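Working notes, beginning with the structure itself.
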Number of protein chains: 2
Amino acid sequence: MVRTRVIPLAEQLLDTLGEQGYRSTSPRKAVTQAIAGKQGHFTAEQLRQQLPGVGRATIYRSLKLLVDSGALCRVLLEDGNLHYQLSHQGHHHHLLCVECGSSQDLLGCDIEDLLHQVSAAHRFQLSGHWLEVYGRCYDCLPKTATG
Amino acid sequence: MVRTRVIPLAEQLLDTLGEQGYRSTSPRKAVTQAIAGKQGHFTAEQLRQQLPGVGRATIYRSLKLLVDSGALCRVLLEDGNLHYQLSHQGHHHHLLCVECGSSQDLLGCDIEDLLHQVSAAHRFQLSGHWLEVYGRCYDCLPKTATG
DNA sequence: ACCATAATGATACCTAGTCTCGTTAATATC
DNA sequence: GATATTAACGAGACTAGGTATCATTATGGT
């Protein structure tokens with residue numbers, strides 16, 4: 001028995017906004033559904049092309065709300081472009097594949113300790129950091145040339 | 001005996017371009033001198049206001065050449081804005097003061113090793129990374145409240 | 001001094017994002 | 001279910017950052 005597969009993630013995103021007192025409007029539903037269907041990172045412009053019926057300002061407003069609420073995060077590509085991406089936890093980093101554009105969350109990275117040590121050596125009071133890691137994911141590694 | 005203090009850095013920058021076969025034009029001299037006089041990071045827009053006689057495209061072109069040659073690097077501010085900054089060595093990171101906007105180069109940071117380990121654990125072939133560190137520099141630390 | 005051509009500035013254009021403002025629609029209340 | 005409040009909307013102007021085109025200028029080699 002197959003029931004209609006309503007992507008629950010879109011509703012989650014909408015709920016996140018609802019919990020903060022924001023209304024559940026149809027443009028926001030469209031935006032959250034579009035985002036929920038995304039694999040990896042995306043730009044506001046891509047959303048705009050995907051949702052011609054939704055105003056430009058509305059898309060940016062929704063993105064901002066979702067970023068502020070922590071549901072979305074921004075990733076810095078190697079070329080300096082900032083994209084949006086679903087955020088699965090609080091503070092974390094990304095392994096960005098330069099080949100296929102996919103991204104994995106970087107878990108278990110103890111960079112904080114290291115940064116605290118180095119900052120202290122520079123008499124610098126650490127308050128935050130931004131780290132992106134670039135390379136090739138397993139699927140994009142050259143498999144034929146193993147030598 | 002005080003001789004006219006010609007900022008040598010501007011000439012260095014120009015020389016860097018010269019070594020790569022680029023001509024030494026007066027707009028480029030203006031741009032490199034303006035950059036040489038900068039403390040910390042700056043935007044192309046700031047250069048533009050400082051150099052109204054130099055065309056917008058020329059400023060961006062010069063910045064691009066200097067970034068490509070390694071003389072300038074780009075820093076990512078906490079708000080996501082990218083600024084330019086003089087680069088004193090190859091690959092390095094910045095300690096960016098969120099109070100005064102100054103930046104120190106982060107030396108002796110062994111993040112590479114750590115990243116290689118963590119990447120390997122994710123079956124990810126590391127090729128590069130981008131790290132910015134935010135906080136307060138020594139001059140901006142609250143000095144009265146020591147308790 | 002001359003000449004090839006690199007570099008320039010004006011301009012149009014693009015992406016990314018904000019702001020304003022008159023209109024629409026979601027929700028709380030009755 | 002009607003109504004009123006007000007959040008949210010879309011259109012469009014605007015800003016910042018940056019690229020592409022192209023006719024003109026100036027650099028640097030001969």
Side-chain angles (χ1 to χ4, degrees), chain A residues 10-11 13-35 38 41-69 71-85 101, chain B residues 11 13-35 38 41-69 72-85 101:
Chain A
E11 287 163 20
L13 292 174
L14 211 53
D15 285 351
T16 305
L17 296 182
E19 283 161 20
Q20 293 179 282
Y22 297 109
R23 292 181 179 174
S24 171
T25 68
S26 64
R28 272 182 196 154
K29 280 176 197 160
V31 170
T32 52
Q33 283 195 6
I35 291 174
K38 292 282 179 199
H41 49 85
F42 56 91
T43 64
E45 202 56 26
Q46 286 167 3
L47 283 184
R48 239 157 73 70
Q49 285 170 13
Q50 196 177 336
L51 303 169
V54 180
R56 170 215 281 268
T58 298
I59 288 181
Y60 280 108
R61 279 189 283 241
S62 303
L63 286 173
K64 198 176 173 61
L65 290 179
L66 290 168
V67 168
D68 288 349
S69 74
L72 283 185
C73 59
R74 309 181 80 188
V75 295
L76 179 73
L77 304 196
E78 211 165 13
D79 60 11
N81 278 108
L82 278 169
H83 284 204
Y84 297 91
Q85 182 170 316
Chain B
E11 286 163 20
L13 293 174
L14 211 53
D15 285 351
T16 305
L17 296 182
E19 284 160 18
Q20 293 178 280
Y22 297 109
R23 292 180 179 175
S24 171
T25 68
S26 63
R28 272 179 196 158
K29 280 176 197 160
V31 170
T32 50
Q33 284 195 6
I35 290 174
K38 291 282 179 199
H41 48 85
F42 56 90
T43 63
E45 201 56 26
Q46 286 166 4
L47 282 185
R48 237 157 73 72
Q49 285 170 13
Q50 195 177 337
L51 304 170
V54 181
R56 172 216 279 269
T58 298
I59 288 182
Y60 280 108
R61 278 189 284 242
S62 302
L63 286 174
K64 198 177 172 64
L65 289 179
L66 289 167
V67 169
D68 288 349
S69 74
L72 283 186
C73 59
R74 308 180 82 188
V75 295
L76 178 72
L77 303 196
E78 211 165 12
D79 60 9
N81 278 108
L82 279 169
H83 285 205
Y84 297 92
Q85 181 171 315

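Per chain, numbering begins at 1; letters A, B, ... match sequence-line order. These figures come from a predicted structure and were not determined experimentally.
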Is any side-chain heavy atom of A:L63 closer than 4.5 Å to one of A:L47?
yes
Please classify the nucleic acid contact of B:R56 as base, sugar-phosphate, or nothing, using heavy-atom distances under 4.0 Å.
base
So B:Y84 and B:R74, do their side chains get closer than 4.5 Å, heavy atoms only?
yes
According to a strict under-4.0 Å criterion, is B:Y84 in side-chain N/O contact with OP1 or OP2 of D:dG18?
yes
Atom of B:A30, atom of B:L51 and distance for their closest heavy-atom approach
O-CD1, 3.8 Å
Do the side chain of A:Q46 and the main chain of A:T43 share a donor and acceptor less than 3.5 angstrom apart?
yes
For A:R48 and C:dT18, give me the distance from atom CZ to atom P, rounded to whole Å.
13 Å
May I have the distance from B:D79 (atom CG) to D:dT15 (atom C1'), rounded to whole angstrom?
15 Å
Touch check for B:G53, heavy atoms < 4.0 angstrom, all strands: base, sugar-phosphate only, or nothing?
sugar-phosphate
Is the base of D:dG29 touched by the side chain of B:R23 through a donor-acceptor pair closer than 3.5 angstrom?
no
Distance check needed: C:dC14 P versus A:N81 CG, whole Å only.
17 Å
Check the distance between D:dG28's C1' and B:E19's CD and give it to me in whole angstrom.
18 Å
From CG of B:L17 over to P of C:dA6, roughly how many Å is that when rounded to an integer?
16 Å
Rounded to whole angstrom units, what separation is found between the CZ atom of B:F42 and the P atom of D:dA16?
18 Å
B:T25 side chain N/O closer than 4.0 Å to the phosphate oxygens (OP1, OP2) of D:dA26?
no
Protein-nucleotide distance (A:Y22, atom OH; D:dC9, atom C1'), rounded to Å
16 Å
Can you tell which of D:dT19, D:dG18, C:dG9 lies closest to the side chain of B:T58?
C:dG9
May I ask you to verify whether the side chain of A:R61 and the base of D:dG10 hold a donor-acceptor pair under 3.5 Å?
yes
Can you find a pair of side-chain heavy atoms, one from A:R28 and one from A:Y22, that are under 4.5 Å apart?
yes
Between C:dT18, C:dG9, D:dC9, which nucleotide gets closest to the side-chain atoms of A:P27?
D:dC9
Would you say B:R28 places a side-chain N or O within less than 4.0 Å of OP1 or OP2 belonging to C:dA7?
yes
Interatomic distance, B:Q20 CD vs C:dA6 C1' [rounded to whole Å]:
15 Å
